[in-house]
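Some notes on the structure that comes next.
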Amino acid sequence: MTRSYPNTRLRRLRANTALRALVAEHRLAVTDLILPVFIHDGNEERQAIAAMPDVYRLSLTGLLRIAEQAQTCGIQALALFPVISVDKKTADGRQAYDDTGLVPTAVQMLKQQFPDLLVITDVALDPYTTHGHDGIVGADGQVLNDATISILCQQALCQAQAGADVVAPSDMMDGRIGKIRATLEEHDQQATVIMSYAAKYASNFYQPFRNAVQSLPNLHSGEAGSDKRSYQMQIANAREALVEAKLDADEGADILLVKPALTCLDIIAKITASVPIPTFAYQVSGEYVMLKTTKDLLPERECVLESLLAIKRAGATAILTYYALDAAAWLS
Ligand code: PBG
């Protein structure tokens with residue numbers, strides 16, 4: 001059958017809202033949204049973040065408040081990102097697996113008060129290290145792969161034992177998923193989900209996040225190794241992302257994550273087409289800021305919802321977004 005005009009008039013199915021809804025291939029629902037939350041161990045309930053208008057660093061009290069708000073509007077998952085005070089940062093980031101630390105404490109509180117809300121914790125050392133890298137740095141200035149993995153395993157285990165539903169390695173070390181999975185198995189944490197940041201690109205769109213978690217002053221010093229390009233993927237590559245995704249799936253990841261979203265829609269599409277496990281996307285801090293700070297020039301709500309739906313169309317089943325609460329309200 002060859003389609004041709006006038007038998008085929010594609011505009012027929014675009015004529016009204018009802019027809020458009022019936023033929024919609026993708027939909028955005030509040031249950032697709034995951035809210036990233038910055039937490040700190042101070043008393044200030046909400047601390048403004050200069051680089052991210054309307055996003056706050058929250059105390060544990062602030063965290064409980066936002067968790068309740070999220071749950072009330074139908075959001076099912078939070079992703080926690082800690083801001084660690086300078087006196088607790090070390091070169092090896094050992095605070096990352098202190099079971100009395102900020103993240104384990106926050107997880108325990110959340111699970112106690114909101115047992116049905118999924119808690120996702122970040123596995124990476126950047127908030128905990130004096131240099132701001134996701135791993136530990138060797139004498140030559142390079143981030144050490146295998147030595148970092150041993151610490152990540154302890155960090156992931158500590159989070160799982162505190163009750164995290166999902167541990168999410170965002171560090172991009174080679175082979176860490178297999179080791180983390182083995183560690184969880186050995187310690188009877190079989191139910192813990194691993195969401196692997198499988199294709200995480202070295203992106204400039206993370207800059208506001210680094211301000212939020214206060215790892216920025218330590219990176220970008222202009223010295224060799226002061227950015228993350230020796231472990232995060234280069235933006236020029238797409239096929240390499242399939243190797244990353246397949247390795248992580250084979251090593252025992254339950255969910256893959258692509259990040260950033262906007263500049264990686266093709267990567268989301270490629271991975272979902274070839275690796276048959278769920279793939280999420282992270283609409284990162286820079287994407288948020290672009291939408292947030294142009295609201296006098298662009299219709300914010302419409303542009304946010306368009307971006308999120310496009311990410312779903314690319315193949316993601318869920319999206320981490322700083323707009324989760326707003327989007328939930330707009331969708332209801
Ligand atoms: C680091 C981490 C980063 C983000 C999440 N986890 C930043 C980085 O790699 O430097 C960025 C998220 C965002 O920009 O919103 N483990």
Side-chain angles (χ1 to χ4, degrees), residues 33-39 49-57 78-84 89 93 95-96 102-103 120-137 143 148-149 151-152 155-156 159 164 166-173 176-177 180 194-221 225-235 244 256-264 280-293 304 307-308 311 319-324:
L33 306 173
I34 298 168
L35 176 67
V37 184
F38 297 108
I39 51 174
I49 298 170
M52 298 182 72
D54 298 343
V55 177
Y56 300 88
R57 299 183 193 99
L78 298 186
L80 302 182
F81 294 96
V83 183
I84 301 299
K89 296 194 193 213
Q95 178 64 22
L102 177 59
V103 168
I120 305 175
T121 49
D122 196 57
V123 180
L125 302 183
D126 51 318
Y128 304 95
T129 53
T130 40
H131 42 72
H133 278 296
D134 290 23
I136 56 178
V137 180
V143 171
T148 296
I149 293 180
I151 302 181
L152 297 177
Q155 183 184 22
Q159 295 169 347
V166 181
V167 295
S170 69
D171 56 289
M172 290 298 279
M173 297 302 112
R176 86 280 202 221
I177 299 300
I180 292 172
I194 299 180
M195 175 174 85
S196 170
Y197 287 67
K200 175 171 178 179
Y201 283 81
S203 170
N204 300 294
F205 287 93
Y206 305 151
Q207 187 160 316
F209 174 97
R210 293 176 189 168
N211 171 279
V213 302
Q214 292 163 347
S215 68
L216 187 62
N218 315 315
L219 290 168
H220 309 291
S221 62
S226 68
D227 61 44
K228 300 188 176 183
R229 283 178 295 178
S230 78
Y231 43 106
Q232 298 179 347
M233 279 186 59
Q234 59 169 316
I235 208 81
E244 286 281 6
L256 303 174
L257 185 121
V258 175
K259 170 184 182 190
L262 174 67
T263 54
C264 297
F280 295 0
Y282 196 146
Q283 181 179 57
V284 301
S285 55
E287 298 175 65
Y288 169 81
V289 165
M290 280 199 297
L291 291 160
K292 195 63 175 180
T293 58
V304 169
S307 312
L308 295 173
I311 296 166
I319 306 167
L320 283 94
T321 172
Y322 301 96
Y323 269 113

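One-based numbering along the sequence shown. Order of listing sets the numbers, starting from 1, for every ligand and every atom in it.
- When all heavy atoms are compared, the tightest approach of Arg57 to Ala212 is NE-O, 2.7 Å.
- When atom types are taken as modelled, the side chain of Gln95 and the backbone of Ile84 share no donor-acceptor pair closer than 3.5 angstrom.
- The part of Ala124 lying near ligand 1 is the side chain, judged by heavy-atom distances below 4.0 Å.
- On a distance-only criterion, Ser285 and ligand 1 share at least one N/O pair closer than 3.5 Å.
- Heavy-atom contacts of Lys200 reach the following atoms of ligand 1: 1 (C), 2 (C), 3 (C), 6 (N), 8 (C), 9 (O), 16 (N) (cutoff under 4.0 Å).
- Residue Tyr282 places a heavy atom less than 4.0 Å from ligand 1.
- Listed by number with element, the atoms of ligand 1 under 4.0 Å from a non-hydrogen atom of Lys228 are 8 (C), 9 (O), 10 (O).
- Between atom 3 (C) of ligand 1 and the options Tyr288, Phe209, Tyr206, the minimum heavy-atom separation is to Phe209.
- Those atoms of ligand 1 that come under 4.0 Å of a heavy atom in Asp126, given as number and element, are 1 (C), 2 (C), 16 (N).
- When all heavy atoms of Tyr206 and Lys200 are compared, the closest pair comes out as OH-CG, 3.4 Å.
- At least one heavy atom of Lys259 sits under 4.0 Å from some atom of ligand 1.
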query: Could you walk me through whether Val123 and Arg176 pass the side chain to side chain contact (heavy atoms under 4.5 Å, CB included) check?
result: CA-CA 10 Å; Val123 180; Arg176 86 280 202 221; over 6 Å; no
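- Formation of a donor-acceptor pair under 3.5 Å by the Tyr231 side chain with backbone atoms of His133 is not found in this model.
- Only side-chain heavy atoms of Asp122 come within less than 4.0 Å of ligand 1; its backbone N, CA, C and O stay farther off.
- At a threshold of 4.5 Å between non-hydrogen side-chain atoms, the residues Lys259 and Leu320 do not count as touching.
- In this structure, Tyr282 OH and Tyr288 OH are separated by 12.0 Å, a value rounded to the nearest 0.5 Å.
- Within ligand 1, the atoms closer than 4.0 Å to a non-hydrogen atom of Gln232 are 8 (C), 9 (O), numbered from 1 in the order shown.
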